[in-house]
Amino acid sequence: MVAMNLKAETFKLMDKRSAIETEMNVIIERLSYPGGPGLTGNLVDSAGFPRSDVDIPAVLADRHHLSELRSDYNELTKKIDQNIQILHSARLSSPPSSEKDSGFGEGSVSYQAPIGSTERSSSAHSNLQTNASTAMDIDVYAKVPFALVDEITEGSPSAEDGLQLGDQIVKFGNVESGPGLLSRLASEAQTNQGREVPVVLLRQGAVLTIAVTPRTWKGRGLLGCHFQIL
């Protein structure tokens with residue numbers, strides 16, 4: 001019962017995080033239009049004067065709000081990770097059903113329940129609950145991203161292969177969450193230059209898998225995008 005309540009809480013946190021993700025995507029798109037200020041671009045011109053082609057107060061407000069949203073997003077992700085670890089530990093520590101527990105161990109009297117009996121129904125119901133629990137666990141584990149795509153250059157390999165601003169990376173090739181993510185991502189791209197790399201991502205709450213091929217192009221790097229580690 002406690003595990004089910006924790007799962008329900010985790011899914012609520014995921015819904016809240018998805019709402020924050022949607023709001024972040026709106027801001028990212030608003031700041032990252034061609035020629036726009038971007039998320040970190042300079043707000044003064046070459047002569048050192050404030051840019052006249054952008055609404056500087058609005059850009060500063062958007063960047064500040066995006067920073068706050070990222071902080072909230074990271075806190076939610078930490079809480080979700082904690083819940084997942086608890087759920088995973090609880091599942092591993094649950095004692096497996098043994099022959100003795102099922103009534104077929106040494107020294108026990110075996111009993112074959114008649115078809116349609118309460119015992120058979122109870123067992124089937126228990127199996128259904130276990131399968132549902134496992135499915136929920138898998139669903140939870142599949143939705144923990146480690147990076148956010150916060151910049152994409154037009155015409156880059158990432159843009160041409162379908163990566164979008166605001167996409168949250170769950171798995172990039174063999175790279176998942178852990179230490180040294182930026183260097184591992186760079187290494188994965190270099191190792192697979194010219195080859196398709198499967199990318200599992202979250203986009204507006206949906207889990208998607210696309211293929212990105214790291215390759216040389218007219219711009220910098222092999223992907224032409226920037227990952228913000230979460």
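You'll find the side chain of Asn5 stays beyond 4.5 Å of the side chain of Glu9, heavy atoms only.
Not a single salt bridge (Lys or Arg N to Asp or Glu O under 4.0 Å) links Lys16 to another residue, sequence neighbours left out.
For the atom pair CD1 (Ile152) and CG (Leu163), the distance works out to 4.5 Å, reported to the nearest 0.5 Å. Rounding to the nearest 0.5 angstrom, the gap separating the SG atom in Cys225 from the CG atom in Asp167 is 9.5 Å. Taken to the nearest 0.5 Å, the CD1 atom of Ile20 stands 4.5 Å off from the CG atom of Leu76. Atom CH2 in Trp217 sits 4.5 Å away from atom OG1 in Thr153 (nearest 0.5 Å). Gln164 contributes atom CD, which lies 11.5 Å from atom OG of Ser158 (distance to the nearest 0.5 angstrom). In this structure, CD on Gln82 lies 10.5 Å from OG1 on Thr10, to the nearest 0.5 angstrom.
Around CD of Glu68, the count of heavy atoms belonging to other residues, nucleotides or ligands within 6.0 Å exceeds 12. More than 12 non-hydrogen atoms from other residues, nucleotides or ligands lie less than 6.0 angstrom from CG of Asp45.
The shortest heavy-atom contact between Val175 and Phe146 is O-CE2, 3.6 Å. When all heavy atoms of Phe227 and Val149 are compared, the closest pair comes out as CE2-CG2, 3.7 Å. The two atoms that bring Met24 and Leu69 nearest to each other are CG-CB, 3.7 Å, heavy atoms only. Here the closest non-hydrogen pair linking Leu223 and Ala189 is CD1-CB, 4.4 Å. Scanning all heavy atoms of the two residues, the minimum distance from Leu202 to Pro145 falls at CD1-CD, 4.0 Å.
Identified under the salt bridge (charged side-chain N to carboxylate O under 4.0 Å, His left out) test for residues 18-39, with sequence neighbours left out: Arg30-Asp62.
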**Message:** Quick one, Arg215 with Asp161, criterion side chain to side chain contact (heavy atoms under 4.5 Å, CB included). Give me CA distance, side-chain angles, the key distance, then yes/no.
**Reply:** CA-CA 11 Å; Arg215 56 190 182 273; Asp161 292 348; 3.0 Å; yes
**Request:** May I have the step-by-step check of side chain to side chain contact (heavy atoms under 4.5 Å, CB included) for Val59 and Arg51, ending in yes or no?
**Result:** CA-CA 11 Å; Val59 170; Arg51 288 177 57 173; over 6 Å; no
**Request:** Verify side chain to side chain contact (heavy atoms under 4.5 Å, CB included) between Gln193 and Gln190, making sure each step is shown before the conclusion.
**Result:** CA-CA 5 Å; Gln193 183 172 346; Gln190 292 169 358; 5.7 Å; no
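A donor-acceptor distance shorter than 3.5 angstrom exists from the side chain of Arg184 to the backbone of Pro179, with no hydrogens or angles considered. The backbone N or O of Ser183 lies less than 3.5 Å from no partner atom in the side chain of Ser187, so there is not a single donor-acceptor pair. With hydrogens and angles disregarded, a donor-acceptor distance shorter than 3.5 Å links the side chain of Arg63 to the backbone of Gly38. Looking only at distances, no side-chain donor or acceptor of Glu154 sits under 3.5 Å from a matching main-chain atom of Ala159. Of the possible polar contacts, one joining the Thr22 side chain to the Ser18 backbone as a donor-acceptor pair under 3.5 Å is found.
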Please list, one pair per line, the donor and acceptor atoms closer than 3.5 Å that link side chains of residues 207-214 to other protein atoms, with sequence neighbours excluded.
none

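Linking ILVMFWY side-chain heavy atoms closer than 4.5 Å, directly or via other members, places Leu43 and Phe49 in two distinct hydrophobic clusters. In the hydrophobic clustering of this structure, Leu182 groups with Ile169; members are Ile, Leu, Val, Met, Phe, Trp, Tyr whose side-chain heavy atoms approach within less than 4.5 Å, directly or through other members. In terms of hydrophobic clustering, with Ile, Leu, Val, Met, Phe, Trp and Tyr side chains grouped at heavy-atom distances under 4.5 Å, Val26 and Leu31 are assigned to different clusters.
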